[in-house]
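Just the heavy atoms: all of them, side chains too, but no hydrogens, waters or symmetry mates, feed the values below. Throughout, residue positions are numbered sequentially from 1 according to the sequence presented. Predicted, not measured: the structure shown is a model, and the values here were computed from it.
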Amino acid sequence: AQVKNAENVTAIFYQIWTKKAAILKVLGIGLGIRLGSFSVSAQVRKQSVVVPHRGRWWVYGVDVGQEHSVAVAAAYPDCNIQFEKVAVPN
């Protein structure tokens, strides 16, 4: 429903995808479970996610501009996650 009603369908898709990918990576299982077995919200920056048989995790959406989507998953709700902008040479 989030994607169908969104103005920018592609951006919403990537926000959802990166949050789900962050959860799968923190679990270390790749695509070992169905992506439809747990839900994330594109609009919520910090959210609790329950993954069946894997427990509760926290996923943080990171604002890096409109052209990119970044998310980080952690086991605790109050992690101190810090990011630095790094210049990438051409």
In short, salt bridge (charged side-chain N to carboxylate O under 4.0 Å, His left out) pairs touching residues 18-38 with sequence neighbours left out are none

So salt bridge (charged side-chain N to carboxylate O under 4.0 Å, His left out) across residues 57-69, not counting sequence neighbours, yields none

Would you check if Leu24 and Ile29 make a side-chain contact, meaning some heavy-atom pair closer than 4.5 Å?
yes

In terms of heavy-atom contacts, Trp58 and Tyr76 come closest through CD1-C, 3.5 Å

Handout entry: Shortest non-hydrogen contact from Ala73 toward Ala22
Key =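 Shortest heavy-atom contact: CB-O, 3.4 Å.
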
Output all residues satisfying side chain to side chain donor-acceptor pair (under 3.5 Å) with Asp78, sequence neighbours left out; order by chain, then residue number.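 Asp78 satisfies side chain to side chain donor-acceptor pair (under 3.5 Å) with Lys46 only.
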
Subject >> Any residue meeting side chain to side chain donor-acceptor pair (under 3.5 Å) with Arg56, in chain and number order, not counting sequence neighbours >> reply: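 For Arg56 the side chain to side chain donor-acceptor pair (under 3.5 Å) partners, ignoring immediate neighbours, are Ser48.
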
Any side-chain to backbone donor/acceptor pair from Tyr60 onto Pro77? Under 3.5 Å, distance only. yes

Side chains of residues 10-17: which donor-acceptor pairs under 3.5 Å do they make with residues two or more places apart or in other chains?
none

Residues at least two apart in sequence or cross-chain that pass side-chain contact (heavy atoms from CB on, under 4.5 Å) with Val72, listed by chain then number, are Val62, Ile81, Phe83

Sorted by chain and number, sequence neighbours left out, side-chain contact (heavy atoms from CB on, under 4.5 Å) with Val49 holds for Ile23, Phe38, Val40, Gln47, Val51, Val59

message: Please tell me whether Val44 and Val70 are part of a single hydrophobic cluster in this structure, the criterion being side-chain heavy atoms less than 4.5 Å apart.
response: no

